Every structure is written in C-alpha cells, then in structure tokens.
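Scroll down for the structure; my scribbles are underneath it.
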Amino acid sequence: MLEYNLPRYLPSAEELPDSDETPVDNELQELIPGLLKAILLILWAERIDWLFAIDMGIYYHPDKPPIVPDGFLSLGVERFYDEELRPSYVLWDENVVPIFVLEVVSQNYRKEYTTKLDEYEALGVLYYVIYSSRRRRKPHLEVHKLVNGKYELQEGNPVWLPEIGLGIGCERGNYCGVTREWMYWYDEQGQRYLTPAEQIKQEAQRAQQEAQRAQQEAQRAQQEAQRAEVAEQRVQQLTEQLRALGIDPNNLA
C-alpha cells in the first residue's frame with residue numbers, strides 16, 4: 001500500500017459519505033461491471049478474500065473526495081466484514097489498494113484517458129481498464145498495467161492478468177436479454193467464462209442429456225428383458241416338444 005501523509009485520527013467507513021451523489025450516465029455503467037461481478041460470484045464462490053465493488057467510493061484521504069470507479073477488484077480483503085456490508089472502501093482501514101479498476105466511458109466523457117489514468121497510477125492500482133464501445137478507430141478495450149510506477153498499455157483481447165489469475169476481454173454476447181459487445185473474464189487459454197444464465201442453460205442441457213441417456217439405458221434394459229423373456233419361452237416350447245417325442249431334455253448329453 002502507498003504511504004500517505006494522513007491525519008493522526010481517521011474516520012471510519014461508516015462516518016464517511018457512501019456516495020458522491022453523481023448518477024451514472026447510462027445503464028451500461030452498471031450492467032458491464034455487474035456482469036463481471038456475477039461471473040466472479042460463480043468462479044470464486046468458495047473464496048472469501050476478494051471484493052468486487054460497483055460505483056463504490058475509494059477513500060485515500062479523509063479531507064478529499066473519494067475516487068468512484070465504475071467497478072474495482074481488491075484481493076486479500078474480507079469478502080464481508082459484517083451484515084451491513086461496506087458503505088465505501090477506505091484505504092487506511094483496508095490496507096489494500098485495489099488491483100483492478102474499471103471505467104466504462106459514457107457519452108459524457110469523464111477524463112477516463114487523462115485525469116483518471118493519472119489518479120489510478122498515483123494510487124498504485126496495478127490494472128486500469130477502460131472500455132468504450134463508441135470508439136471506431138481504436139480498440140474498445142484498453143488494459144493499462146503499472147510497470148515501474150507508470151502505466152503501460154497491454155496488447156490483445158483478451159489480456160491475461162497473471163496477478164489475478166484471470167483474463168479480461170470483450171466480445172459479442174447476450175446479457176439481460178441484450179445482444180451486444182460485453183466484457184467477460186477469460187481463462188489462460190483465452191476461453192471465456194460463462195455468464196450465470198449460460199451456466200444455468202449449460203447445466204440444464206447436461207441434465208437433459210443425462211436424462212436422455214438414462215431413458216435410453218432403461219429402454220435397452222427393457223429390450224434385454226423382453227429378449228430374455230422370449231428366449232425363455234422358446235426354451236420352454238422346445239422342452240415341451242422334446243418331451244412329446246419321449247426325449248428327456250435333461251439327458252440330452
């Protein structure tokens with residue numbers, strides 16, 4: 001964590017404002033980070049050492065306004081520390097700088113490529129990710145990695161983030177009934193992880209396939225039973241015919 005010149009006595013998260021009262025510019029600023037969080041809730045369901053927050057203020061000084069990214073990820077923190085959850089993210093309480101910050105560029109440009117980049121760089125955020133679907137001549141997704149105190153733009157889509165153990169990228173898909181380009185998490189081979197709806201659909205398909213296999217096995221078992229019954233009836237008929245001819249079927253050898 002960075003060293004700050006902070007006052008001796010510091011307020012807690014409960015004593016600080018939990019919002020900058022600035023509304024989001026469009027629904028994508030909630031849905032895009034919301035999808036990333038929903039996927040993490042599945043991938044890391046057994047982990048309790050991470051936090052993915054959406055539109056939550058990051059306090060780095062008690063007398064300055066918080067930085068409020070569209071989404072951010074911190075590792076090595078308590079998933080929940082009480083039933084009220086976090087009202088904000090206070091660095092002098094958490095002692096962990098977010099490892100990943102996401103900004104979704106809206107129609108109202110908010111200095112994502114300039115001022116905010118400098119702010120997150122100074123804060124020590126390892127990965128600063130900017131997404132804008134409105135760009136035409138430049139990539140929609142930019143992943144900046146902090147190297148020797150300066151951000152370096154990473155190439156590719158998706159981009160592997162080894163310190164997180166996930167890749168980040170974008171491609172067309174469907175979420176909340178909307179087909180468009182969305183951001184997703186990826187594995188090291190570049191295969192994207194499923195959304196909750198896709199996972200449910202996949203599990204339903206797998207269950208349906210298992211049910212079909214069970215039905216086919218039951219049908220095969222029934223057919224085998226029928227064949228065995230027919231064979232037994234044939235043996236009985238042959239036995240009766242042998243006896244009618246005066247031949248003991250038990251002494252055929």
Side-chain angles (χ1 to χ4, degrees), residues 27-56 69-80 89 94 96-105 112 117 120-121 124-133 135 138-147 151-210 213:
E27 197 174 2
L28 289 178
Q29 288 179 284
E30 295 179 354
L31 290 178
I32 288 176
L35 174 55
L36 294 175
K37 182 174 183 177
I39 297 172
L40 282 183
L41 287 171
I42 297 173
L43 290 179
W44 293 350
E46 304 302 320
R47 293 180 57 173
I48 57 173
D49 64 341
W50 63 279
L51 168 71
F52 192 97
I54 300 172
D55 197 29
M56 179 183 288
D70 292 318
F72 70 85
L73 171 68
S74 283
L75 300 179
V77 298
E78 293 178 291
R79 180 75 183 86
F80 309 106
Y89 193 84
E94 305 286 353
V96 176
V97 173
I99 194 171
F100 172 101
V101 163
L102 169 66
E103 291 286 358
V104 179
V105 181
E112 287 87 354
L117 188 145
Y120 294 129
E121 185 180 86
V125 175
L126 182 60
Y127 290 104
Y128 173 39
V129 179
I130 312 172
Y131 174 77
S132 174
S133 59
R135 301 185 105 188
K138 293 184 178 181
H140 292 178
L141 181 70
E142 284 192 2
V143 178
H144 300 265
K145 183 175 183 178
L146 196 64
V147 179
Y151 276 133
E152 293 184 0
L153 183 62
Q154 307 297 294
E155 298 294 332
N157 177 33
V159 176
W160 178 245
L161 316 176
E163 296 83 358
I164 300 176
L166 294 171
I168 189 71
C170 56
E171 63 179 87
R172 289 190 66 81
N174 186 281
Y175 179 59
C176 292
V178 179
T179 299
R180 69 178 312 278
E181 186 178 70
W182 295 99
M183 289 184 64
Y184 299 95
W185 298 110
Y186 294 76
D187 64 19
E188 195 168 2
Q189 286 70 46
Q191 298 296 316
R192 78 171 177 86
Y193 288 105
L194 300 180
T195 68
E198 289 171 338
Q199 185 162 352
I200 291 172
K201 182 178 180 179
Q202 185 185 70
E203 291 176 355
Q205 291 174 340
R206 187 181 297 117
Q208 184 178 19
Q209 291 171 352
E210 291 176 355
R213 283 195 294 269

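Model, not experiment: these values are computed from the prediction. Along the sequence shown, residues are numbered consecutively beginning with 1. Note that these values count all heavy atoms, side chains included, but never hydrogens, waters or copies made by symmetry.
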Those residues that, when tested against Phe72, pass ring pair (Phe, Tyr, Trp, His ring centres under 6.0 Å) (two or more places apart): Tyr89
Partner set under salt bridge (charged side-chain N to carboxylate O under 4.0 Å, His left out) for Arg135, not counting sequence neighbours: Glu142
Close side-chain approach of Pro139 and Asn157, heavy atoms under 4.5 Å: no
Distance-only polar pair, side chains of His144 and Glu152, donor-acceptor under 3.5 Å: no
For Arg47, side-chain hydrogen bond (donor to acceptor under 3.5 Å, both in side chains) partners two or more places apart: Asp49
side-chain contact (heavy atoms from CB on, under 4.5 Å) between Val97 and Val125, worked out: CA-CA 6 Å; Val97 173; Val125 175; 4.1 Å; yes
Close side-chain approach of Val143 to Glu155, heavy-atom, < 4.5 Å: no
Check: Arg172/Thr179 side-chain N/O donor and acceptor closer than 3.5 Å: no
With Phe100 via ring pair (Phe, Tyr, Trp, His ring centres under 6.0 Å) - residues at least two apart: Trp185
side-chain contact (heavy atoms from CB on, under 4.5 Å) partner of Trp50, chosen from Val77, Ile99, Leu73: Leu73
Contact check, side chains of His140 and Glu181, non-hydrogen atoms, under 4.5 Å: yes
Least distance between heavy atoms, Val96 atom then Ser74 atom: O-OG, 4.4 Å
Partner set under side-chain contact (heavy atoms from CB on, under 4.5 Å) for Asp187, not counting sequence neighbours: Gln189, Gln191, Tyr193
Test item: Asp55 side-chain N/O and Glu30 main-chain N/O as donor-acceptor pair under 3.5 Å: no
Salt bridge (charged side-chain N to carboxylate O under 4.0 Å, His left out) against Glu198, all qualifying residues, sequence neighbours excluded: Arg192
side-chain hydrogen bond (donor to acceptor under 3.5 Å, both in side chains) partners for Arg79, two or more places apart: none
Glu188: partners by side-chain hydrogen bond (donor to acceptor under 3.5 Å, both in side chains), with sequence neighbours left out: none
Residues forming a ring pair (Phe, Tyr, Trp, His ring centres under 6.0 Å) with Trp160, sequence neighbours excluded: none
Value rounded to 0.5 Å, distance of CZ in Arg180 from OG in Ser133: 4.5 Å
CG-CD1 distance between Leu75 and Ile164, expressed to the nearest 0.5 angstrom: 6.0 Å
Reported CG-to-CD distance for the pair Leu117 and Glu103, which is rounded to 0.5 angstrom: 10.5 Å
Aromatic plane relationship, Tyr128 with Tyr120 - under 30° parallel, 30 to 60° tilted, over 60° perpendicular: tilted
Which atom pairs, donor and acceptor, lie under 3.5 Å between side-chain atoms of residues 35-46 and protein residues at least two apart or in another chain?
unit_1: Lys37; atom_1: NZ; unit_2: Phe52; atom_2: O; d: 3.3

Lys145 NZ to Glu163 CD distance, which is reported to the nearest 0.5 Å: 4.0 Å
pair Tyr184-Thr195: side-chain heavy atoms closer than 4.5 Å: yes
Distance (rounded to the nearest 0.5 Å) between Leu31 CG and Cys176 SG: 5.0 Å
Distance-minimising heavy-atom pair for Pro98 and Val101: CB-CG2, 4.3 Å
Tyr175: ring pair (Phe, Tyr, Trp, His ring centres under 6.0 Å) partners, not counting sequence neighbours: Trp182
Contacts of type side-chain hydrogen bond (donor to acceptor under 3.5 Å, both in side chains), residue Ser132, not counting sequence neighbours: none
Inter-residue atom distance Leu141.CG - Ile168.CD1, 0.5 Å rounding: 7.0 Å
